[in-house]
Chemist: 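Sending over a structure as structure tokens; questions will come in a sec.
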Amino acid sequence: MLDQLIQFLITGITVGAAYALVGLGFAIIYNASDVVNFAQGEFVMIGAMSAISLIDMGIPYGVALAAAVAITVCVGLALEKFAIEQARDATVVSTIIITIGASIFLRGMALIVWGKDIYAMPPFSGEKPIHVGNATMLPQNIWVMAGTAASVLLVRYFFNRTATGKAILACSYNMKAASLVGINVRKMLLISYGLSAGLGALAGILIAPITYITYDSGVMLGLKGFSAAILGGMGNPMGAVAGGMLLGLLECIGAGFISSGYKDAIAFVVILMVLFFRPGGLFGSAQAERV
Amino acid sequence: MRLAGFYLFAALVALLPVVFPDNYYVTVVGVTAFFNIMLAVGLNLLMGYAGQISLGHAAFFGIGAYVSAVTTVRYGWNPWVAMAAGLVLVWLIANLIARPILRLKGHYLAMATLGFGIIIHIVLVQADAFTGGPDGLSGIPGLVLFGWHVDSDLRWYVVAGAVMLLYVWLSLNIIDSREGRALRAVHGSEVAASTLGIDISGTKVRVFVLSALMASLTGSLFAHQQAFVSPDSFSFFFSIELVTMVVLGGLASTFGAVFGAVILTFLPEFLVVFEDFQMLIYGAILMLIMIFLPRGLFVTMADRIGPMFAGYFRQGIRET
Amino acid sequence: MKVLKLFLTVIFILLFNMSPLVPIVHASGIIKIGSFLALTGPASFLGDPELKTLKMYIDQINSQGGVLGKKLELVYYDTAGHAKSAKDIVKRLIQKDRVDVIIGGSTSGTSLAVIDIVQARKIPFISLAGSIKIVQPVKKWVFKTPHTDRMAAAKIFEDMKKRHITRIALITGNGGFDKSGRAQCLDLAPRYGIKIVADESYGNADTDMTTQLTKIRATDAQAILNFGFGKAPAIVAKNVKQLGIRLPLYESHGVASKKFIALAGDAAEGIRLPAAALLVADKLPDSDPQKKVLLGYRNMYEAKYGPVSTFGGHAYDALFITVGAIRRAGCLDKAKIRDEIEKTKGFVGTGGIFNMSPEDHLGLGLDAFKMLEIRNGTWELI
Amino acid sequence: MGVLLQVSGLVKAYGGVRAINDLSFDVKKGKVFSVIGPNGAGKTTLFNLLTGVDTPDTGSVNLDGYELVGRPPHRVAACGVSRTFQNLQIFHNMTVIENVMVGCHLRGCSGLWSAALRLPSLLAEERRIRTWADEALAFCGMEDLAQARSSELSYGVLKKLEIARALAAKPRMLLLDEPAAGLNDTETLEMCELIKKISETGVTVLLVEHNMGLVMDVSSWVFVLNYGSCLAQGTPREIQRNPQVIAAYLGGETGIE
């Protein structure tokens, strides 16, 4: 029983780490611009796909991964520049549709570039299972966990310590005030899109060796990332990370102890319950209307 | 003159099959368009007028369809009784979840409705002993109206068209009434609405239940028309498509919802020739419309074409 | 006045948009084959080789003079695996494109969805999907060429029986193929004296199945059976290896392609699966009547598109059964074509030797399936 | 004249700060009762507590025998309390007349179903509501603007629209939150007249306003709020002479005249 539980936890944390990274991307963009970017999942797919293609071309592993992140960041910047910035005054629902349109567009692009094939990526460091008691994990599981932990710390550092990070935070509190004190709001928005795209790509690269990638892999991951961000509380990036971890664990515990067929339903029931009792997510604050 | 636009629209709907009696786009895609219009008009009451986003509307559509399908196929119920049973079940579910869900705002509301839709979809897939699982359920009997069998595409055009027009009429009526103004007031400013004596959560719940019931009835008709249901017709992708229809036409305009539904029904039909490029083009069109016409195609058009024409259709169009 | 003008303009625009879409008069001298396939979506790896096969052979037949002196024309649309679109497409094929026969339905869901329509419209339809429900009970106008999931389950259980396996763990996805296969397994297992001690499920878009497999590891199962297709079975294979589970792993015919071996890598070693003889064509004895057909199809396909899968083979079989029936019917009368399809006897296809009858609209026996094991990155007959 | 509203022991704290600190006062029927005080004195908070938008920590608000504390805003409104807002809360998705018709909500009773089917009872009620709304608009001198889109109107007109909307509910007590803020001199004068006119119809007016000229002109009783507590209250004349009030307003330099 304990062995099983440990195995569930390992799986849950790995899956959750990926959700956390995607959720973090959602939260960063939401924080900077109040937009929920439903194309976040596509960043994951593009990151993984580009990395695989570059590796196949014979480019050294490390370079390929870095280049894949760079490509995805460019896609993220382009999305901000050509879609989001053009629709500055759009309402919440309109921006939702725009980002959904963007996600369909990017998926369509991937379909043309990569076709419908399933792609596999060689793991970072072999496939020899590591034993933890009777439970096992792959070296890649450790990469996923470590990669997520490192990027979460970096993001924290970026927002708490660097001038640019603080400027983005300022935009999130009050865009007008931020621009009055001389912060270039446009540039901050671009940076946050680039950052989220990069995080998405990183998530894709980390999990690609565990799972496989197709042009439509982004849909599910995007959905789970969004759920993670909401579960944690939209305005709080670290909440999104916690939400992602929780979601991953929920799925694995649900599948392990209740029913694997209904595991996603179980996770969503828990999310609904959380929202019913904490309408602002676990670590967020409920917004109140100002009179 | 209040309903001039409606009469024009009804005339067009009635004329099309007379001019093109056996046209695929009229009698086949047309019926699909009618179902989509019914769903979009109902969702528009909730989203466009009351301002409550729902990414799970397909769930109510699905519950209605599956109650009709399962009870008629597995238990041999009369389709009309099945339809009523679907409405009762949806009424219960909608009332149960409406209050806690509608307390949420913005993206949290989007998440909750999305989650609800996904849960229902998973149940449809997993409860295969009952629902037939992902392969779906076939052999759903057709409808009989006073001895008149609704069994051809053209007859379905008539029935679905009539119900669709009824929905549009109901929607136009509601918007232009005490309750409809209360809805729009809740959207405009919750605090002002409440201090004028409007019960915010009650109003939201009522319109949520109404639009759920409209979706359920549409689902029952859909099941009998298709004679087959499978879960992929009720996935969250379809919920999102419904939202897109409403927003694309223009929020808070009944005819906007009609227009959006028609466009999104026909667009894929014309895009099939692009094969692999279909998805790319579809995504691009969606983005372009929302970027350049954020108020929606129909609402913008109605404003630009001229006050005369617009007057007929502009009923209840949002003023901002 | 202005209103009237605008209204007329709207009508005009509508008509203009409709005009190219008004039914095209059926051109004589052409035989129209309609098709609806899953070209995108999770089942696109089925629809893709099916379409390529149909296109390739229709070109070949046309270059050789066509059928009954008429050219074949393929009209096809993408269902993305959605039943609702399949229904609309089939209506479009019948009503707008006026096709003579329909070959298609990559997935069971899309095939089952259109049965009512083809039955009502009386048009011959050969499905390319696995579920036994498509042809059982027999529907007058509906045929199919792929082996059924029930046959696959039977074949696997036969093999298990030989290895004295009596307790197995079942793990399946949430797609139509998986669910239908699961139902057949649950139904058939007792007849082979097999007890299913675990019945787990995963989502086809899931990234990891170790949780389910950990549960399976805790049971006393002697083998694991995974009914699924796409990337999920490859993840299952890898997770089995990762967890160090040393039980024999059985897969379904859903993974009968080189892609699966490429994806699963080392983890594919030792996996057994039932599949059509196509995969092991060169290992068949020369006396095997299928060998020539199989090699012919494989060589032609691989020369043009790359590695072959059994799924394209189903389309090959359906196309040539249709062509044969049209030749024998001598005309394009749909009822006659249907009768001739039903009379197909001794047709050597990629899936086996077809002998159809009014009671059997598939015409394949259990022997059409071969049991294969993956060794050194390729299939071996066992 | 009797007392319409009795407030006693009202307390509301946000975090550690007491925005309203043990307030008690009476409002007489049919009079204009003004609440003044520097920014942040808690005036809007007080209005929110009185209308149910916010709930006090302790205390009671009694309107002619009805306890208002604990009732949600729409129930408070049903007791005959109507208000306007400091930050305009116009329904921008409606025309002017529709905005005012929403104000008549409490005077109607038709529901969703009769509306959907457009029953005769609904049509009759719609006509009545329309008449009431027209009357309220006319009362505020806006009858020409009935069909205008609310988004096209000037700030001053929108201020009046909020009042018309609030009046359409036929309230016993009307709460005006800074009705003259942002208005020019002519508009302020008009507003002054309007408030007097409202008072003459017998509606009790509770006014929050910074423009002392207007307050002193229309009020029959002035209540000075400072840091959530009562600094002074009395007739306008008394307040103008109250040294504490003068001190609170920067030593009397900012013009309590």
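Below, chains carry the letters A, B, ... as their sequence lines are ordered, and counting in each starts from 1. Quantities reported herein were computed from a predicted structural model and do not represent experimental measurements.
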Chemist: side-chain hydrogen bond (donor to acceptor under 3.5 Å, both in side chains) between B:T265 and B:N36: does it pass, once the steps are laid out?
Modeler: CA-CA 8 Å; B:T265 315; B:N36 287 341; 3.1 Å; yes
Chemist: Going by the angle between their ring planes, with limits at 30° and 60°, are B:H57 and B:F60 parallel, tilted or perpendicular?
Modeler: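 The rings of B:H57 and B:F60 stand perpendicular, inter-plane angle above 60°.
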Chemist: Between B:Y282 and A:F105, does the ring centre distance come in under 6.0 Å?
Modeler: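 No, the ring centres sit 6.0 Å or more apart.
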Chemist: Taking A:A110, A:S103, A:A265 one by one, which has the highest count of heavy-atom pairs under 4.5 Å against chain B?
Modeler: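 Greatest number of close heavy-atom pairs with chain B: A:A265.
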Chemist: Which atoms of B:I240 come close to chain A, meaning under 4.5 Å heavy atom to heavy atom: side chain ones, backbone ones, both, or neither?
Modeler: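 For B:I240, the contact with chain A is made by the side chain alone.
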Chemist: Is B:I291 close to chain A through its backbone or its side chain, or both, or neither, when contacts mean heavy atoms under 4.5 Å?
Modeler: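 It is both, since atoms from each part get that close.
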Chemist: With the threshold set at 4.0 Å, does a side-chain nitrogen-carboxylate oxygen contact exist between A:E80 and A:K187?
Modeler: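 No salt bridge links A:E80 with A:K187.
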Chemist: Below 4.5 Å from any heavy atom of chain A, which atoms of B:F236 appear? Answer side chain, backbone, both or neither.
Modeler: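 Only the side chain of B:F236 comes within 4.5 Å of chain A.
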Chemist: Between the side chains of A:K116 and A:D216, is the shortest nitrogen-to-carboxylate-oxygen separation below 4.0 Å, so that they form an ion pair?
Modeler: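 So A:D216 does not pair with A:K116 through a salt bridge.
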Chemist: Measuring heavy-atom distances to chain B, does A:I271 have an atom under 4.5 Å in its side chain, in its backbone, in both, or in neither?
Modeler: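 The answer is the side chain of A:I271.
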Chemist: With no hydrogens and no angle check, is any side-chain donor or acceptor of A:Q40 less than 3.5 Å from a backbone partner on A:S196?
Modeler: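 Checking the backbone N and O of A:S196 against the side chain of A:Q40, a donor-acceptor pair under 3.5 Å is found.
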Chemist: Identify which part of A:I112 has an atom lying under 4.5 Å from any heavy atom of chain B, answering side chain, backbone, both or neither.
Modeler: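 Side chain only.
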Chemist: Select one option (side chain, backbone, both, neither) describing which atoms of A:V219 are under 4.5 Å from chain B's heavy atoms.
Modeler: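 It is the side chain, since no backbone atom gets that close.
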Chemist: What residue in B:I120, B:L286, B:I119 has the most heavy-atom pairs under 4.5 Å with chain A?
Modeler: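 Of the options given, most contacts go to B:I119.
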Chemist: Which atoms of A:F277 come close to chain B, meaning under 4.5 Å heavy atom to heavy atom: side chain ones, backbone ones, both, or neither?
Modeler: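 Contact with chain B is absent: no heavy atom of A:F277 under 4.5 Å.
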Chemist: What class does the angle between the rings of B:F298 and B:F259 fall in, given that below 30° is parallel, 30 to 60° is tilted and above 60° is perpendicular?
Modeler: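 Ring orientation, 0 to 90° scale: tilted.
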Chemist: Kindly determine whether A:F8 and A:F257 satisfy side-chain contact (heavy atoms from CB on, under 4.5 Å), including the steps that lead there.
Modeler: CA-CA 10 Å; A:F8 295 160; A:F257 294 117; 3.6 Å; yes
Chemist: Output the option from A:T95, A:I96, A:L223, A:L231 having the highest count of non-hydrogen pairs under 4.5 Å with chain B.
Modeler: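 Sorted descending by pairs with chain B, the first entry is A:L223.
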Chemist: Which bit of A:L111 comes within less than 4.5 Å of chain B, counting heavy atoms only: side chain, backbone, both or neither?
Modeler: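 A:L111 touches chain B through side-chain heavy atoms alone.
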Chemist: Select one option (side chain, backbone, both, neither) describing which atoms of B:V246 are under 4.5 Å from chain A's heavy atoms.
Modeler: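 Neither part, no heavy atoms under 4.5 Å.
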Chemist: What residue in B:V125, B:L109, B:I118, B:L114 has the most heavy-atom pairs under 4.5 Å with chain A?
Modeler: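 Heavy-atom pair counts peak at B:I118.
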Chemist: Quick one: which of B:P100, B:A192, B:G115 has the most heavy-atom pairs under 4.5 Å with chain A, could you say?
Modeler: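 Top option by heavy-atom pairs under 4.5 Å: B:P100.
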Chemist: Are B:F130 and B:Y66, when compared by the centres of their aromatic rings, separated by less than 6.0 Å?
Modeler: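 No, the ring of B:F130 stays outside the 6.0 Å limit from the ring of B:Y66, centre to centre.
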Chemist: Please classify the contact between A:F26 and chain B as side chain, backbone, both or neither, with a heavy-atom cut-off of under 4.5 Å.
Modeler: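 Neither part, no heavy atoms under 4.5 Å.
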Chemist: Using ring centroids (six-membered ring only for Trp), state whether A:F226 and A:F38 fall under 6.0 Å.
Modeler: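 That pair passes the under 6.0 Å test.
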Chemist: Quick one: of A:A229, A:S259, A:S227, who has the most non-hydrogen atom pairs under 4.5 Å with chain B?
Modeler: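 Greatest number of close heavy-atom pairs with chain B: A:S227.
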